[in-house]
Amino acid sequence: MNVAEFLPASVTLDDAMVAMAGVAALFTVLAVWHGLLVRDPLGARIKGLAQRREQLLSVMKAPRRHPQRLRGVGFMHEVVKRLNLVRQNRARTLADRLARAGWRSGDAAVIYLFFKLSTPVLFGIAAAVLLYGVEMYNLPPLTRLGALLISIGVGLYAPDVFVKNSTDKRRHQLRKGLPDALDLMVICAEAGLSLDASLKRVSKEMARSQAEIAEEFGLTAVELGFLPDRSMALKNLTRRTDLPSIRAVINTLTQTERYGTPLAQSLRVLAAEFRTERLMRAEEKAARLPATLTVPMIFFILPPLFVVLLGPGVLRFIDSLTGTGLG
C-alpha cells in the first residue's frame, strides 16, 4: 500500500511529513504551555459575585420595573433575535442548564443558541469545500454525501456535548469539595456564626482550593442577604447545581431555618456521610484499575516485552539456520 495515493495531487509525501511534524511540534508547545500555566480563577469568581450582588440590588430598588431586555452580544444577539430562537418556555430551562455548567451571565443563552445554529452550517460548509470543491479525496458520490451529513450532525451535537462535559466536570468538582466545605461550616457554626456568615467564611477559605463550591456558597450567601425569602436562595443553590448531595444539605439548612434544630450536629453527620461516599468512590476506582489496565498492557507492554525476551533467541535461530544452509 502506497501512502502517497491517499494524498492530494499537489501534496507530496515530504510535504505531508513536514506538515505533520509542524502540527506535532505545535501541540507539544501548547501542551507544555498549558501544563505550566498558573490558573487563578479567584478574580473571575469575585467579579461574578459582585455582578450578582448589583443585580439583586437593582431588582430590590426597582421592583415594579419591567423585566430587563436581554442584553446583546453584538451579531450573535441580532441573529438569535431575528430568528426568534429564545422562546419564553425554554429560556428558564436553558438558563438552568447553562448555570449547571458554570455560565450564568445574561448572554450565555444567546451565545449557546448562536453556536447551536452556526456550528452545523460551518461544519457543513467545511466538509463541502473539502469533498466537492478541493476534492481532497476521490470518494464515490454516495460516500461524499454520507460524510457531508455526518459532518453536519457532528456540528449539530457539538455544543450539547461541550455543555454536558462542562456540567459533568463541574459536578465532579462540587461533589469533591462538598465534604471539606461542610467540615468548615461545622467549625463556623460551633463558633457561633450565622448561616450567612458561615457561607461567606467557607467561600473565602476555599476560593483557591475548591473554586466551584466556593463560588456557589458565596453566591448563596449574597442571595440570603438580599432576597426577601431566604428559602428561595437555598432553592436557587439546588437549581444551579442539581446534585443529590447538595439537595440533602439544602434540606438540612431549610429544616434548621424553619424549626431551629442544631445546625452543627446535622452538618457533621452529612459531612461524615459524604466523606465515606467519596472514599467508597475512590475504592471503586481502585478496584476497576486492574481491568482498565488490561487492554493497554496487552497492546503496548506485552509486544515490546516479547520482542526483548524472544528477539535474541529468534535471531540466533535464524543465524544458525543460515549458517547450516551455507554449509
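- Under a hydrophobic clustering in which Ile, Leu, Val, Met, Phe, Trp and Tyr are joined whenever their side-chain heavy atoms come within less than 4.5 Å, directly or via other members, Met297 and Leu305 fall into the same cluster.
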Please evaluate residues Ile318 and Val314 with respect to the criterion side-chain contact (heavy atoms from CB on, under 4.5 Å), reporting the C-alpha separation (whole Å), side-chain torsions for both, the decisive distance (0.1 Å), and the verdict.
CA-CA 6 Å; Ile318 293 174; Val314 172; 3.9 Å; yes
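- Of the inter-residue distances, the one linking Cys188 atom SG with Glu205 atom CD reads 8.0 Å to the nearest 0.5 angstrom.
- Within the 4.5 Å cutoff, the side chain of Asp242 has heavy atoms near those of the Arg247 side chain.
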Step by step, would you call Lys200 with Asp196 a salt bridge (Lys or Arg N to Asp or Glu O under 4.0 Å)?
CA-CA 6 Å; Lys200 290 180 182 178; Asp196 305 13; over 6 Å; no
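- Rounding to the nearest 0.5 Å places CG of Leu243 at 9.5 Å from CG of Leu237.
- With rounding to the nearest 0.5 Å, the separation of CE in Met280 from OG1 in Thr276 is 8.5 Å.
- Under a 4.0 Å N-O distance rule, the pair Asp168/Lys164 qualifies as a salt bridge.
- Residue Leu142 places its CG atom among 12 or fewer non-hydrogen atoms of other residues, nucleotides or ligands, all under 6.0 Å distant.
- Residue Arg201 places its CZ atom among 12 or fewer non-hydrogen atoms of other residues, nucleotides or ligands, all under 6.0 Å distant.
- Checking Ile250, Leu199, Leu195 one by one against Thr220, the side chain to side chain contact (heavy atoms under 4.5 Å, CB included) holds for a single residue, Leu199.
- Between the CD atom of Glu212 and the NZ atom of Lys176 there is a distance of 10.0 Å, given to the nearest 0.5 Å.
- Side chains of Leu113 and Leu94 form a contact here, defined as non-hydrogen atoms less than 4.5 Å apart.
- Under a hydrophobic clustering in which Ile, Leu, Val, Met, Phe, Trp and Tyr are joined whenever their side-chain heavy atoms come within less than 4.5 Å, directly or via other members, Leu309 and Val307 fall into different clusters.
- When hydrophobic clusters are built by joining Ile, Leu, Val, Met, Phe, Trp and Tyr residues whose side-chain heavy atoms come closer than 4.5 Å, directly or via intermediates, Phe123 is not grouped with Phe115.
- The two residues Ala189 and Ala264 make their nearest non-hydrogen contact at CB-CB, 4.1 Å.
- Hydrophobic clustering of Ile, Leu, Val, Met, Phe, Trp and Tyr side chains at less than 4.5 Å, counting indirect connections, keeps Leu293 apart from Phe299.
- Clustering ILVMFWY residues whenever any of their side-chain heavy atoms sit less than 4.5 angstrom apart, transitively, puts Trp103 in the very cluster that holds Tyr112.
- Atoms CG and NZ, on Leu289 and Lys285 in that order, are 11.5 Å from each other to the nearest 0.5 Å.
- In terms of heavy atoms, Pro159 sits closest to Thr119 at CG-OG1, 4.0 Å.
- Taking both residues in full, the closest heavy atoms of Leu131 and Leu148 are given as CD1-N, 4.1 Å, listed atom of the first, atom of the second, then distance.
- Between atom OH of residue Tyr157 and atom NZ of residue Lys116 there is a gap of 7.0 Å, rounded to the nearest 0.5 Å.
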Applying side-chain contact (heavy atoms from CB on, under 4.5 Å), run through Gln255 and Asn251 and close with a yes or a no.
CA-CA 6 Å; Gln255 181 181 1; Asn251 293 334; over 6 Å; no
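- Residues Leu182 and Glu273 have side chains not in contact (no heavy-atom distance under 4.5 Å, counting atoms from C-beta outward).
- Within 6.0 Å of CZ on Arg288 lie more than 12 heavy atoms contributed by other residues, nucleotides or ligands.
- Side-chain contact between Gln173 and Gln210 is present, with at least one heavy-atom pair separated by less than 4.5 Å.
- A salt bridge does not link Arg240 to Glu215: none of the charged side-chain nitrogens sits closer than 4.0 Å to a carboxylate oxygen.
- Across all non-hydrogen atoms, the minimal contact from Leu224 to Arg230 is CD2-O, 3.5 Å.
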Could you go through the salt bridge (Lys or Arg N to Asp or Glu O under 4.0 Å) check for Glu216 and Arg170 one step at a time?
CA-CA 11 Å; Glu216 294 296 341; Arg170 184 175 176 82; 2.5 Å; yes
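- Shown here for Ala248 and Leu270, the closest heavy-atom pair between the two residues is O-CD1, 4.1 Å.
- Here the shortest heavy-atom pairing between Thr167 and Ala101 reads OG1-CB, 3.4 Å.
- The closest side-chain heavy-atom distance from Asn236 to Met232 is below 4.5 Å.
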